Amino acid sequence: MRIGVLGTGNMADALATHWVRAGHEVLVGGRDAAKARHLASRLGGAAGHGSLRAAAGFGDVVLAALPYGAGETIVGELRAPLAGRVLLDCANPVGPGFRLLTDGGPSAARRLADAAPGTRVVKAFNLCHEDVWRMDPPVFGGQRLAVPVCGDDDTALALVRQLVRDVGCTPLAGGGLDRAGLLEATAALFIGLWVGENADARAMAPPLAFAAGPGDTPSRA
């Protein structure tokens with residue numbers, strides 16, 4: 001698969017490292033040519049570097065590893081080379097006080113889709129710190145990390161699910177792009193619990209067998 005990467009930061013580094021190892025062709029694009037060249041060198045393998053426009057026109061999938069706010073502007077500027085491509089959004093629109101910056105408006109993913117109407121936007125990889133995505137693979141308690149994926153195009157979803165597997169994770173069907181805002185709100189909640197309260201967010205959810213209620217399971221009260 002050919003993958004363009006918009007951005008040269010930590011998420012671009014963490015995810016693209018796995019994809020290069022999996023044998024994909026990656027082109028890193030950045031406004032700072034030296035940073036794009038440095039990241040491509042770190043990635044090794046079939047990784048190249050160039051401008052943001054070059055990366056936007058390179059990939060079957062284009063990763064938007066861009067800060068919330070800047071992403072909408074950059075994607076809008078690149079709407080011509082991005083037309084028809086799968087745009088993978090991993091942004092977290094979370095601000096001071098763990099506040100969801102999109103509250104009351106479209107999700108970050110929807111804003112990218114509106115900025116470049118010809119793209120097929122998919123939301124994924126936004127629920128964890130970049131160092132979790134650097135793990136090879138992310139496994140906890142013997143179970144691979146699950147990654148919810150939201151999007152409206154079946155072909156786009158299939159490509160992103162493969163990229164999730166290439167990171168060593170298990171893709172989960174998260175619904176259409178209209179549900180991307182739920183993923184972003186979940187990230188805001190989880191980050192607030194993890195960082196603000198030093199609490200384990202997993203403690204909120206019962207095991208799957210109890211998800212619909214205890215049923216016939218004997219009470220242990």
Side-chain angles (χ1 to χ4, degrees), residues 5-19 21 39 42 63-72 87-112 121-151 157 160-161 163-214:
V5 177
L6 305 179
T8 57
N10 290 327
M11 283 296 289
D13 186 349
L15 294 174
T17 294
H18 289 283
W19 297 335
R21 288 174 182 167
L39 177 53
R42 276 177 47 82
L63 172 68
L66 302 165
Y68 173 69
E72 186 177 356
L87 185 62
L88 174 53
D89 174 38
C90 64
N92 269 332
V94 180
F98 315 110
R99 181 172 60 89
L100 185 64
L101 298 177
T102 59
D103 189 28
S107 68
R110 173 55 64 189
R111 290 168 197 258
L112 295 190
V121 176
V122 177
K123 185 81 183 189
F125 294 113
N126 73 305
L127 291 182
C128 297
H129 189 274
E130 61 263 17
D131 285 341
V132 172
W133 303 125
R134 295 183 197 278
M135 296 174 66
D136 189 21
V139 173
F140 303 93
Q143 184 172 352
R144 289 180 182 268
L145 186 68
V147 178
V149 178
C150 292
L157 289 168
V160 173
R161 284 195 293 265
L163 294 180
V164 169
R165 295 186 188 98
D166 290 336
V167 175
C169 299
T170 301
L172 294 180
L177 197 64
D178 60 314
R179 293 174 64 85
L182 298 180
L183 275 185
E184 295 168 5
T186 298
L189 175 63
F190 280 14
I191 293 168
L193 290 171
W194 289 328
V195 178
E197 302 294 332
N198 195 30
D200 189 344
R202 295 174 302 173
M204 295 188 299
L208 179 59
F210 289 80

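Because only heavy atoms are used, hydrogens play no part in the values below, and waters and symmetry mates are left out as well, while side chains stay in. Not measured: the values here are computed from a predicted model.
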Legend entry - Partner set under salt bridge (charged side-chain N to carboxylate O under 4.0 Å, His left out) for Arg144, not counting sequence neighbours: none
Inset, instruction - Identify the two heavy atoms, one from Val160 and one from Ala124, that lie closest to each other, and give their separation to 0.1 Å. - result: CG1-CB, 4.2 Å
Identify every side-chain donor-acceptor pair in residues 201-208 under 3.5 Å, counting partners at least two apart or on other chains, and give the distances.
unit_1: Arg202; atom_1: NE; unit_2: Asp200; atom_2: OD1; d: 3.1
unit_1: Arg202; atom_1: NE; unit_2: Asp200; atom_2: OD2; d: 3.2
unit_1: Arg202; atom_1: NH2; unit_2: Asp200; atom_2: OD2; d: 2.8

Inset, instruction - Taking the side chain as every heavy atom from C-beta outward, state whether Leu63 and Leu6 have any atom pair closer than 4.5 Å. - result: no
Legend entry - Spatial distance of atom OH (Tyr68) from atom CG (Leu112) [nearest 0.5 Å]: 9.5 Å
Inset, instruction - Measure the spacing between CG of Leu183 and SG of Cys90 and express it to the nearest 0.5 Å. - result: 12.0 Å
Inset, instruction - Could you grab the distance from atom CG of Leu66 to atom CE of Met11, nearest 0.5 Å is fine? - result: 11.5 Å
Legend entry - Residue pairs involving residues 175-192 (criterion salt bridge (charged side-chain N to carboxylate O under 4.0 Å, His left out); sequence neighbours excluded): Lys123-Glu184
Legend entry - Between OG1 on residue Thr102 and CZ on residue Arg111, distance to nearest 0.5 Å: 6.0 Å
Legend entry - Ile191 and Asn92, any side-chain heavy atoms less than 4.5 Å apart: yes
Inset, instruction - Name all residues meeting the side chain to side chain contact (heavy atoms under 4.5 Å, CB included) criterion together with Ala16; count only those two or more places apart in sequence or in a different chain, and write none if there are none. - result: Val5, Val26, Leu43
Output side-chain donor-acceptor pairs under 3.5 Å for residues 103-110, partner residues at least two apart or in another chain, one line each.
unit_1: Ser107; atom_1: OG; unit_2: Arg110; atom_2: N; d: 3.0

Inset, instruction - Return each pair, listed once, that meets salt bridge (charged side-chain N to carboxylate O under 4.0 Å, His left out) where at least one residue sits in residues 6-17; pairs must be two or more places apart or across chains. - result: Asp13-Arg42, Asp13-Arg134
Inset, instruction - Search all heavy atoms of Leu87 against all heavy atoms of Ala64 and return the closest pair with its distance. - result: CD1-CB, 4.0 Å
Inset, instruction - Quick one: pull up CG in Leu39 and OG1 in Thr8 and give me the separation to the nearest 0.5 Å. - result: 6.5 Å
Inset, instruction - Report yes if some heavy atom in the side chain of Val122 is under 4.5 Å from a heavy atom in the side chain of Val149; otherwise report no. - result: yes
Legend entry - Set of residues satisfying ring-ring contact (aromatic ring centres under 6.0 Å, His included) with respect to Trp133, sequence neighbours excluded: Phe125
Inset, instruction - Flag yes if more than 12 heavy atoms outside Asp131 fall under 6.0 Å of its CG atom; otherwise flag no. - result: yes
Inset, instruction - Using a 4.5 Å cut-off on heavy atoms from C-beta on, say whether the side chain of Leu127 contacts that of Pro148. - result: yes
Legend entry - Shortest non-hydrogen separation from Cys128 to Leu145 and the atoms involved: SG-CD2, 3.8 Å
Would you be so kind as to tabulate the donor-acceptor pairs closer than 3.5 Å made by side chains of residues 163-170, with sequence neighbours excluded?
unit_1: Asp166; atom_1: OD1; unit_2: Gln162; atom_2: NE2; d: 3.0
unit_1: Asp166; atom_1: OD2; unit_2: His24; atom_2: NE2; d: 2.6

Legend entry - Gap separating the OG1 atom of Thr17 from the CG atom of Asp136, nearest 0.5 angstrom: 9.5 Å
Inset, instruction - Step by step, work out the side-chain contact (heavy atoms from CB on, under 4.5 Å) result for Phe140 and Val132. - result: CA-CA 11 Å; Phe140 303 93; Val132 172; 4.1 Å; yes
Inset, instruction - Just grab all the ring pair (Phe, Tyr, Trp, His ring centres under 6.0 Å) pairs involving residues 87-110, residues at least two apart or on different chains. - result: none
